[in-house]
Amino acid sequence: MYKLIKPFFFSMNPESAHHTVTGGLQTFTKIWGAKSLLKSIYTVEDKRLEREVFGLKFKNPVGLAAGFDKNGEYIDEMVNFGFGFIEIGTVTPRPQPGNDKPRMFRLVSDKALINRMGFNNQGADVAAGRLRHLKQRGNIIIGGNIGKNKVTPNEDAVLDYIYCFKALFDYVDYFVVNVSSPNTPGLRDLQEKEPLMNILRQLMDINNKDGVSKPILLKIAPDLTDSQLDDIVEIVQETKIAGVIATNTTVSRDGLQSDPNLVKETGGVSGKPLTNRSTVVIRYLADKSSRSFPIIGVGGIHSAQDAIEKLDAGASLIQVYTGFIYEGPGLISDICKGILKAGK
């Protein structure tokens, strides 16, 4: 069914298509029986898919990556597609419009996207208020991906992360510290060891409320060198955060076959061009750390085989976003079925 309507959506500007799809989904799921219909088509229920990772129980290992639902607006709808967890964000302390439009581009020949969204979101307090009133929370795990506002200087960035952490603490199951987006000027400088240690240590220091703490993960770029990845392993082990998400979008344009005018657009590339590099990063981190911490694998997952390769490389869980757009909602059930067939 998705293959029939995909050309219509792909004829639209990517950001407009996103709002059309999500708005239409919200309308459709208000119809009696619509949610049950979607669940019957797309959800795979099987105890063998359950995973316990950083103290949380996931009904399956396939999650929706941050970026699709920046403000926690579509969780009630997206749970019907069989995701084991949903990550909202990136959320910043104050609302911000993001970068000027157009800011997202399809590279159809490469099954990829370029985006330079710039953390457009409604702010941490709005996201928290929306999560507070979720109707279908059920057993879905929710992650909160947090970042800094564009106008916040890097020396004060930790204050933005702390603000988001406190605002969302009661409403998410785990946190992701995003210092790896290429679309906020200077943000990736925070991946260097000293500033990153400062942010993570301060978050860990306040990570306790009435005896409850939340897993904190770090999302890293695929463009890090081996030496920088060695630092990431040391940072995770020294700060004792829960794990790593590998990887964010890439600034590399190697091997792209699409229209050169599109390829030269600034922003991060996601989708199939990232498949191999993200798997390499996952394997490097897993081997270097002797699998001492969990890794969520994301980047270029367009099939069950792509997902299984990331699990084999050392990922405990995986996430999709661009693959979900190109392949459709059947991708989640395909991955779950593939995992069961492979006995993973």
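All values below were derived from every heavy atom in this structure, side-chain atoms included, with hydrogens, water molecules and symmetry-related copies excluded. Residues take their numbers from the sequence shown, with the count starting at 1.
Counting heavy atoms from C-beta outward, Leu340 and Asp46 have side chains that approach closer than 4.5 Å. The closest side-chain heavy-atom distance from Val269 to Thr249 is not below 4.5 Å. Residues Gln96 and Asn120 have side chains not in contact (no heavy-atom distance under 4.5 Å, counting atoms from C-beta outward). Counting heavy atoms from C-beta on, the side chains of Ile220 and Gln191 come closer than 4.5 Å. At least one side-chain heavy atom of Ile216 sits less than 4.5 Å from a side-chain heavy atom of Val177. The shortest distance between side-chain heavy atoms of Tyr326 and Lys272 does not fall below 4.5 Å. Side chains of Gln228 and Ile232 form no contact here, defined as non-hydrogen atoms less than 4.5 Å apart. Side-chain contact between Leu217 and Ile296 is present, with heavy atoms from C-beta onward closer than 4.5 Å.
Few gaps surround NZ on Lys193; more than 12 heavy atoms of other groups in view lie less than 6.0 Å from it. The neighbour count for Lys6 NZ, taken as heavy atoms of other residues, nucleotides or ligands under 6.0 Å away, is above 12. Atom CG of Asp100 has 12 or fewer neighbouring heavy atoms from other residues, nucleotides or ligands inside a 6.0 Å radius. For Glu52, the CD atom is densely surrounded, since the number of other residues' heavy atoms within 6.0 Å is greater than 12. Asn276 CG: 12 or fewer foreign heavy atoms inside a 6.0 Å radius.
Heavy atoms only, all atoms of each residue included: Thr92 and Cys164 are closest at C-SG, 3.5 Å. Across all non-hydrogen atoms, the minimal contact from Pro93 to Tyr163 is CB-CD2, 3.7 Å. For Ser213 against Asn207, the heavy-atom pair with the smallest separation is CB-O, 3.0 Å. What you find for Glu15 and Lys101 is that their closest heavy atoms are OE2-CE, 3.6 Å. Residues Gly330 and Tyr42 share a closest heavy-atom pair of N-CE2, 3.7 Å. Closest non-hydrogen pair, Thr266 versus Arg116, comes out as O-NH1, 3.0 Å.
Using a cutoff of 4.0 Å between basic side-chain nitrogens and carboxylate oxygens, Arg132 and Asp170 are not scored as salt-bridged. For the pair Asp125 and Arg94, the salt-bridge criterion is not met [side-chain N within less than 4.0 Å of a carboxylate O]. Looking at Asp312 and Lys344, a side-chain N of the basic residue comes within less than 4.0 Å of a carboxylate O on the acidic one, giving a salt bridge. Note on Glu265 versus Arg103: no salt bridge recorded, every NZ/NE/NH1/NH2 to OD/OE distance being 4.0 Å or above.
Side-chain N or O atoms of Asp173 include none that pairs as donor or acceptor with a backbone N or O of Ile141 at under 3.5 Å. Put simply, the side chain of Arg277 gets close to the backbone of Pro222: a donor and an acceptor are under 3.5 Å apart. Checking side-chain atoms of Thr43 against main-chain N and O of Ser40 turns up no donor-acceptor pair under 3.5 Å. The closest donor-acceptor contact from the side chain of Asn121 to the backbone of Asn71 lies at 3.5 Å or more, if one exists at all. Not one N or O on the side chain of Asn115 forms a donor-acceptor pair closer than 3.5 Å with the backbone of Met104. Counting only distance, with no hydrogens or angles, the side chain of Gln319 and the backbone of Glu87 share no donor-acceptor pair below 3.5 Å. A donor-acceptor distance shorter than 3.5 angstrom exists from the side chain of Arg51 to the backbone of Arg48, with no hydrogens or angles considered. A donor-acceptor pair is defined here as one N or O able to donate and one able to accept, closer than 3.5 Å; such a pair exists between the side chain of His18 and the backbone of Phe68. Lys310 places a side-chain N or O within 3.5 Å of a backbone atom of Gly299 that can act as its donor or acceptor partner. Panel note: side chain Lys214, backbone Val172; a donor-acceptor pair is recorded below 3.5 Å.
The OG1 atom of Thr322 sits 10.5 Å away from atom CD of Glu327, with the distance rounded to the nearest 0.5 Å. Separating the OH atom in Tyr174 from the CD1 atom in Ile241 is a distance of 13.5 Å, to the nearest 0.5 Å. Interatomic distance, OH of Tyr2 versus CG of Leu331, reported as 10.5 Å (0.5 Å rounding). Taking CG from Leu196 and OG1 from Thr239, the interatomic distance works out to 7.5 Å, rounded to the nearest 0.5 Å. Annotation: the span from Ile88 atom CD1 to Leu168 atom CG amounts to 5.5 Å, rounded to 0.5 Å. A distance of 9.0 Å separates CG in Leu317 from CD1 in Ile245, rounded to the nearest 0.5 Å.
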Output, in order, the C-alpha distance, side-chain angles, deciding distance and verdict of side-chain contact (heavy atoms from CB on, under 4.5 Å) for Lys35 and Glu77. CA-CA 8 Å; Lys35 292 179 180 179; Glu77 290 74 33; 5.6 Å; no
Apply side-chain contact (heavy atoms from CB on, under 4.5 Å) to Phe175 and Tyr161, showing your working. CA-CA 10 Å; Phe175 283 93; Tyr161 288 97; over 6 Å; no
side-chain contact (heavy atoms from CB on, under 4.5 Å) between Asp230 and Val233, worked out: CA-CA 5 Å; Asp230 292 342; Val233 172; 5.6 Å; no
Taking it one step at a time, do Phe324 and Ile332 satisfy side-chain contact (heavy atoms from CB on, under 4.5 Å)? CA-CA 8 Å; Phe324 180 69; Ile332 299 92; 3.5 Å; yes
Evaluate side-chain hydrogen bond (donor to acceptor under 3.5 Å, both in side chains) for Thr275 paired with Asp306, printing each intermediate quantity in order. CA-CA 7 Å; Thr275 303; Asp306 292 336; 4.8 Å; no
